[in-house]
Amino acid sequence: MTAFNRSCISRFRQFAQYSTFKKLSLPSQTIKSILSSPKENDARVSVCGWVRSVRKQKQVSFATINDGSTLKGIQAILNPEDAEKLTTGACVELKGSLVTSLGAEQNKELQVDQIDILGACDGTYPLQKKRHSMEFLRSIGHLRMRGNTGSAVLRVRHAASEGLRDFFRDNEFTLTNTPILTANDCEGGGEVFEVSPINCKDRTEFFKKPVYLTVSGQLHAEAMALALSRVYTFGPVFRAEESMTSRHLAEFWMLEAELSFINQLSTLLDVAEASLKESTHYVMRTCQEDLEFFNKWVDKSLMERLMTSVEKPFVRMTYSEAIDVLQRAQDKKEKRFEFPTVWGSSLQTEHERYLASEYCQRPVFVTDYPAHLKPFYMRANETKDGKDTVSCFDLLVPGIGELIGGSMREERYDILKQKMMDAKMDLDDYQWYLDLRKYGSAPHGGYGLGFERLLLWLTGLENVREVIPMPRWAGHCKY
Ligand code: 4AD
């Protein structure tokens, strides 16, 4: 290395370590920062936002302005003539002094002396100051985030992903991006959307083979974990799900973690549990106002449930133990399940709900499912009592059912190849995946967390269509 290069590297290191940047100061402040930063009474401020409501009285009028940075926004006090200019839904800039409020609802309010209408709004604006049904709000997906539920959902969504990001950063996971277009069907369920350009006659003309929207980034994340040891991805995945349940979307977000050098499924469970708890705790810490709102209007047990879930360890049981529990409940006539609960049958929603909501009354990991119920990539356990199981888990949570699915991955070349042949997979398509076991394989495992289901857990809302800004499901792709 030349002396010049050495000096450049040393200056670069100094610069990277010690230089600081001035915080960017934007021309307008959010309502959250105006209300939270200490200001003298009568300090002059400018507030931009949308009018939520206007209350006109003879002497004085009040308007609530919200810019989405907080649940409640700010109360503005205006003279009645000025208030005439304001309509619900209009976008405004209000200037005036910040004064101590006489009302109990807020500490500070804005005494307005200047109004600018940035965007007028007429009387057809669909969001009025009353409770709207979830179905109605869904039909105005482009506006519903201007209301309390829609904006609180987006703030909690943001905080939940921040909490997850903190967890993975602190535990030395590298954030990677897996492809959206893929030639593989990771879950083997056939619920894939095929992609081809509209101006090609033959669907394989562009890529010279069928290509799909990804159902999971797992297989690609495995390649990255087998180079960087610990990785995670967070992105949209797509499933051509016909099921129109409150837990299924055609486009949803999944957080997928993959880590090498673990030998025990229990380590993976520890990571999944800690990541979920840390994210939940982050939301509890940073979104108190929103959680109080959901606790009041949506689910009165929400705050209690979140506290318990962070405090107490999750339950862990094997699939075989779960079947015993379900059979005992059925025998004692505690429960009448519609579907049979014999070893080897898949757990249905009613079984998952019973296990999490009634029997355990908190999140429960069900592990070691029968091999024939699970995809090819899961690591085979040793055959026991003639039963073939795989080293995997589903995390079931009260009121929702499956929130996370994961497994140790089959890292043994011969066993994996045999499983793929048994599943009648085209080995040529998956040669790269087999290569990972040929060139320096390592024990590893990972999991995928359905982000919208996490949002149900964090808000108490009942339908995943309420917690994603523009939901897509069979028959519905508005916007
Ligand atoms: O259990 P799944 O299918 O697991 C996988 O895709 C693995 N390859 C993930 C991995 O190990 N990296 O899906 C993971 C989670 C489920 O537990 C559920 O929470 C959510 O994704 N999920 C859905 N969420 C909304 N709509 C759907 N249609 C969903 N399907 C699965």
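We number each residue from 1, following the sequence as shown. Atoms within each ligand, like the ligands themselves, are counted from 1 in listed order.
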Tell me yes or no: between the side chains of [X] and [Y], is some donor less than 3.5 Å from an acceptor?
X    : Y    : answer
D388 : T383 : yes
Q418 : D422 : yes
Y377 : Q218 : yes

Below 4.0 angstrom from a heavy atom of [X], which ligand 1 atoms are there? Numbered from 1 as shown, please.
X    : result
Y377 : 7 (C), 8 (N)
I404 : 17 (O)
R409 : 10 (C), 11 (O), 12 (N)
E256 : 9 (C), 10 (C), 12 (N)

### Query
With a cut-off of under 6.0 Å to the ring centre and 45° to the axis, is R203 in cation-pi contact with F207?
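No, R203 and F207 do not form such a contact.
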
### Query
Can a cation-pi geometry be assigned to K417 and Y430, taking NZ or CZ under 6.0 Å from the six-membered ring centre and within 45° of the ring axis?
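No, K417 does not lie over the aromatic ring of Y430.
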
### Query
For ligand 1, is there an atom lying under 4.0 Å from some heavy atom of R247?
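Judged by the 4.0 Å heavy-atom criterion, R247 does count as contacting ligand 1.
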
### Query
Is there a heavy atom in V464 that sits closer than 4.0 Å to ligand 1?
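Flag not set, V464 not near ligand 1.
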
Looking only at protein heavy atoms, which one is nearest to [atom], and how far off is it?
atom                    : value
atom 26 (N) of ligand 1 : L249 N, 2.9 Å
atom 19 (O) of ligand 1 : L403 O, 2.9 Å
atom 14 (C) of ligand 1 : G448 O, 3.5 Å
atom 4 (O) of ligand 1  : E187 OE1, 4.0 Å
atom 18 (C) of ligand 1 : R453 NH1, 3.4 Å
atom 27 (C) of ligand 1 : F252 CE2, 3.4 Å
atom 6 (O) of ligand 1  : R239 NH2, 2.8 Å
atom 17 (O) of ligand 1 : E402 OE2, 2.6 Å

### Task
Mind checking whether H248 contacts ligand 1 via backbone (N, CA, C, O), side chain (CB onward), both or neither, at a 4.0 Å heavy-atom cut-off?
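Looking at H248 and ligand 1, atoms from backbone and side chain both fall under 4.0 Å.
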
### Task
Could you tell me how the ring of Y369 sits relative to the ring of Y319: parallel (under 30°), tilted (30 to 60°) or perpendicular (over 60°)?
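The rings of Y369 and Y319 sit tilted, inter-plane angle from 30° to 60°.
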
### Query
Aromatic rings F337 and Y354: how do their planes relate, parallel, tilted or perpendicular, breaks at 30° and 60°?
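The rings of F337 and Y354 stand perpendicular, inter-plane angle above 60°.
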
#### Entry: Nearest-0.5 Å distance that lies between atom CD in E289 and atom CG in L71
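Between E289 CD and L71 CG, I get 4.5 Å after rounding to 0.5 Å.
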
### Message
Test of understanding: with side chain to side chain donor-acceptor pair (under 3.5 Å), list the residues that count as partners of W473, not counting sequence neighbours.
### Response
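H476.
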
#### Entry: Residue pair F168 / R230, side-chain heavy-atom distance below 4.5 Å
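F168 does not reach R230 side chain to side chain.
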
